[in-house]
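The block underneath contains the structure these notes are about, expressed in structure tokens.
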Amino acid sequence: MCGIVGYVGTQQASPILMDGLARLEYRGYDSAGLAVHDGKQIHIHRAAGKLSALRAVLASEPMNGTCGIGHTRWATHGAPSEQNAHPHAWGKVVVVHNGILENHAQLREQLLKQGHKFSSQTDTEILAHLIDDELKDVTLEQAVTRALKKVNGTYALAVLCTDFSDRLVVAKNASPLVLGIGEGENLIASDIPALLAYTRDVIFMEDEELALITAQGVKIENFSGEQIERSPKRVNWTPMMAEKGGHKHFMHKEIHEQPRALADTLAGRLNSDHRDVTLDLFKMSDTDIKKLNRILIVACGTSWHAGLVGKFLMEALARIPVETDLASEFRYRKPLVGKDDLVVAISQSGETADTLAAVREAKDLGTNLLAICNVLDSSIPRACEHALYTHAGPEIGVASTKAFTTQIAALVMLALRLGRARGVLQDATAQHIVDALSALPEIIEKALEHEDAIARIARTFSSARDFLYVARGINYPIALEGALKLKEISYIHAEGYPAGELKHGPIALIDEHMPVVAIATKNKSYDKVLSNLAEIKARDGKIIALCSEPDDRIRELAQFIIQVPTTIIELEPMINVIALQLLAYHVADFNGTDVDQPRNLAKSVTVE
Ligand code: AGP
């Protein structure tokens, strides 16, 4: 996700735009740029790196003008660089954009055939070309509307035009966009923090709406050209609260961003017949994939838990042997990997030292390398020949949440691709899975609706000193992840175990002081999990059960029940983990630990 800002008024635009971008740096910060209309022409400055690099450019080449737009980038298409930084321009039109244009490749192809030239690898740049093409004999608003009708995808878009030094046009679909209503000046931004220094009166744009912004006012219309009257709301957040979107912690905000993060990660990758996926940066041909003997997954922490889920997925859907290794172990065990293996490195940050070292070790052994990563062009994907990026946006909270669920979504898509290429995944099964993937963001919204009940359970057990998490099959890694979430933000000791392993030792820990969180959703392991729960209850263990729909048996065994929405078994981990993220969050929040920056931890462990 990126941050966009815009200003039209009587003050100089560039300092206001820079201040707004600084407030949006949490949305993305790998490059930035401004465009300001000086009354005659539009000047553009861009810089790779943090906002300070752009500030340095402005210091040496100030921009004059009272109408402008700005952008801070979190790269999804095209490496972080000045060339790919927004704003992008063509003809009379300059744009900044936050979102993903799913059909950008086809549109670029058509435009190239018409003689257009592109200067970046971004999807956004096509918007400047499309709008400029439409500009003949129509208003800027009409040109933007016509251009957007050719585009599939998500956007918060701001447009400047050389012909008009007193206005900008904005449009919204799925990505956030808010208007700031001032006195003799008006602003636009991806999020409220960029506006608070100038106004607290805001109007939230809705999907498929467009607005004309001038110093005198804003005019909102839908894509059919009908005017929309919407009165401003007064916001009383502090700037810091606003950066968290009103959430108390970034972690809480990021837990609730998961539907959007998943939708963005899936966008443009599910084939229209729902029988396969398109992973444009995973360049192995079907022939190469057929030659693969084995897959090895290397990662750390939460990303390793995603890898464990990936093992279940790829062995089930692609019928290929999969090993998972903690990166810190892989690199020292003289691994046996070769040209017919595929090593998959999973990392949110793309900078974890142990995972990067494991990748380098595997590369020296001549194997195929794929990075599943959330940060475009970070060290780990740069060290691999293939990449599969999650589009979760910046994850600020140290405890990983939205990156984890999008990593699993990426692994589902990888398993589908491998299975189809190896000819072991039938059409109907593939369609069934892709259909379920498409419905996933809505199902996760439903899982989030149980937060209040989960918070009450969290408070009940907030003084426990130990927790056990148990599950079976593809949910076993979720037991590990739930335990890690709890221990890393609440400092309460927690362990995840396969439920079938209890009788081999851990059951000795069970007594009336030991809460046991069990994933008991309705799948083929249900009966076996219930018998494990009976063993726990017989020893006075306190059971908190995640279940699909409570039946008498589970009610008899569990002291607390957390209902979770149902989906196919392959996607259950992404649903079940939501409840465990919320449980950990509310225990920690109730106990008052530093949820976003827990003691002793760093967001990216770039040292051994
Ligand atoms: C997860 O909540 C932790 N922050 C930590 O285990 C993390 O997953 C691990 O350090 C790996 O980080 P990466 O995904 O950026 O490589």
Side-chain angles (χ1 to χ4, degrees), residues 74 249-255 257-258 261 265 297-310 324-331 343-360 369-384 387-411 469 477-492 494-496 573 577-578 580-585 587-588 593-608:
W74 180 265
H249 297 103
F250 276 112
M251 182 182 175
H252 192 260
K253 179 167 176 275
E254 287 152 10
I255 288 172
E257 281 176 343
Q258 290 180 104
T265 299
I297 298 174
V298 294
C300 301
T302 285
S303 297
W304 179 65
H305 296 153
L308 291 173
V309 177
T324 59
D325 243 350
L326 286 167
S328 54
E329 292 298 309
F330 175 85
R331 56 187 295 209
V343 169
V344 179
I346 305 175
S347 175
Q348 186 286 130
S349 62
E351 300 300 342
T352 298
D354 285 325
T355 309
L356 181 57
V359 163
R360 289 183 172 143
L369 280 161
L370 163 67
I372 294 180
C373 186
N374 195 41
V375 182
L376 205 68
D377 254 36
S378 50
S379 302
I380 291 168
R382 278 210 316 274
C384 298
L388 207 188
Y389 284 104
T390 53
H391 294 155
E395 189 175 67
I396 310 297
V398 164
S400 186
T401 51
K402 62 178 182 173
F404 177 67
T405 45
T406 55
Q407 285 167 348
I408 296 179
L411 286 158
Y469 287 70
I478 304 306
L480 295 176
E481 176 59 12
L484 176 62
K485 286 282 99 43
L486 183 75
K487 69 182 119 180
E488 70 175 324
I489 63 174
S490 72
Y491 318 145
I492 296 172
E495 285 186 82
V577 76
I578 303 294
L580 303 189
Q581 291 168 349
L582 290 170
L583 182 66
Y585 172 80
V587 168
T593 52
D594 186 343
V595 169
D596 282 334
Q597 286 157 355
R599 68 185 183 195
N600 312 336
L601 293 179
K603 181 58 187 169
S604 179
V605 183
T606 54
V607 293
E608 282 204 26

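Counting convention: from 1, in listed order, for ligands and their atoms alike. Please read all numbers here as calculations on a predicted model, not as lab measurements. If you read the sequence from its start, that first residue is 1, and numbering goes on from there.
- Taking any N or O of S400, backbone or side chain, at least one lies under 3.5 Å from an N or O belonging to ligand 1.
- The closest heavy-atom contact to atom 2 (O) of ligand 1, among the options E481, E488, Q581, comes from E488.
- Close N/O approach between K485 and ligand 1 is found [any backbone or side-chain N/O within under 3.5 Å].
- The minimum heavy-atom distance between A327 and C300, with the atom names listed, is CB-SG, 3.8 Å.
- Regarding atom 4 (N) of ligand 1, its nearest protein heavy-atom neighbour is V398 O, 2.8 Å.
- For the salt bridge (charged side-chain N to carboxylate O under 4.0 Å, His left out) test, residues two or more places apart in sequence or in another chain that qualify with E257 are K253, K402.
- Side-chain atoms of Q581 and E481 form no donor-acceptor pair, as typed in the model, at a separation below 3.5 Å.
- In terms of protein heavy-atom proximity, atom 10 (O) of ligand 1 is closest to V605 CG2, 3.9 Å.
- Using a 4.0 Å cut-off to heavy atoms of A399, the atoms of ligand 1 that qualify are 2 (O).
- Ranking protein heavy atoms by distance to atom 12 (O) of ligand 1, first place goes to T352 OG1, 3.4 Å.
- Applying the side-chain contact (heavy atoms from CB on, under 4.5 Å) test between M251 and each of D596, I396, V398 identifies D596 as the sole match.
- The pair D594-R599 does not count as a salt bridge, with every side-chain nitrogen at least 4.0 angstrom from each carboxylate oxygen.
- The side-chain hydrogen bond (donor to acceptor under 3.5 Å, both in side chains) search around D377 returns none, not counting sequence neighbours.
- Those atoms of ligand 1 with a heavy atom of Q348 less than 4.0 angstrom away are 13 (P), 14 (O), 15 (O), 16 (O).
- Summary of contacts: the protein heavy atom closest to atom 14 (O) of ligand 1 is S303 OG, 2.6 Å.
- The closest protein non-hydrogen atom to atom 15 (O) of ligand 1 is S349 OG, 2.7 Å.
- When all heavy atoms of S347 and S303 are compared, the closest pair comes out as CA-OG, 3.9 Å.
- Residue contacts with ligand 1: S604 is placed with no nitrogen or oxygen under 3.5 Å of a nitrogen or oxygen of the ligand (distance criterion only).
- Looking only at protein heavy atoms, the nearest one to atom 11 (C) of ligand 1 is C300 O, 3.5 Å.
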**Study point:** Verdict with reasoning, H252 to Y585, per ring pair (Phe, Tyr, Trp, His ring centres under 6.0 Å)
**Key:** CA-CA 7 Å; H252 192 260; Y585 172 80; 4.9 Å; yes
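- With a 4.0 Å heavy-atom cut-off, ligand 1 is reached by the backbone of T302 and by its side chain too.
- The minimum heavy-atom distance between Q348 and Q407, with the atom names listed, is N-NE2, 3.5 Å.
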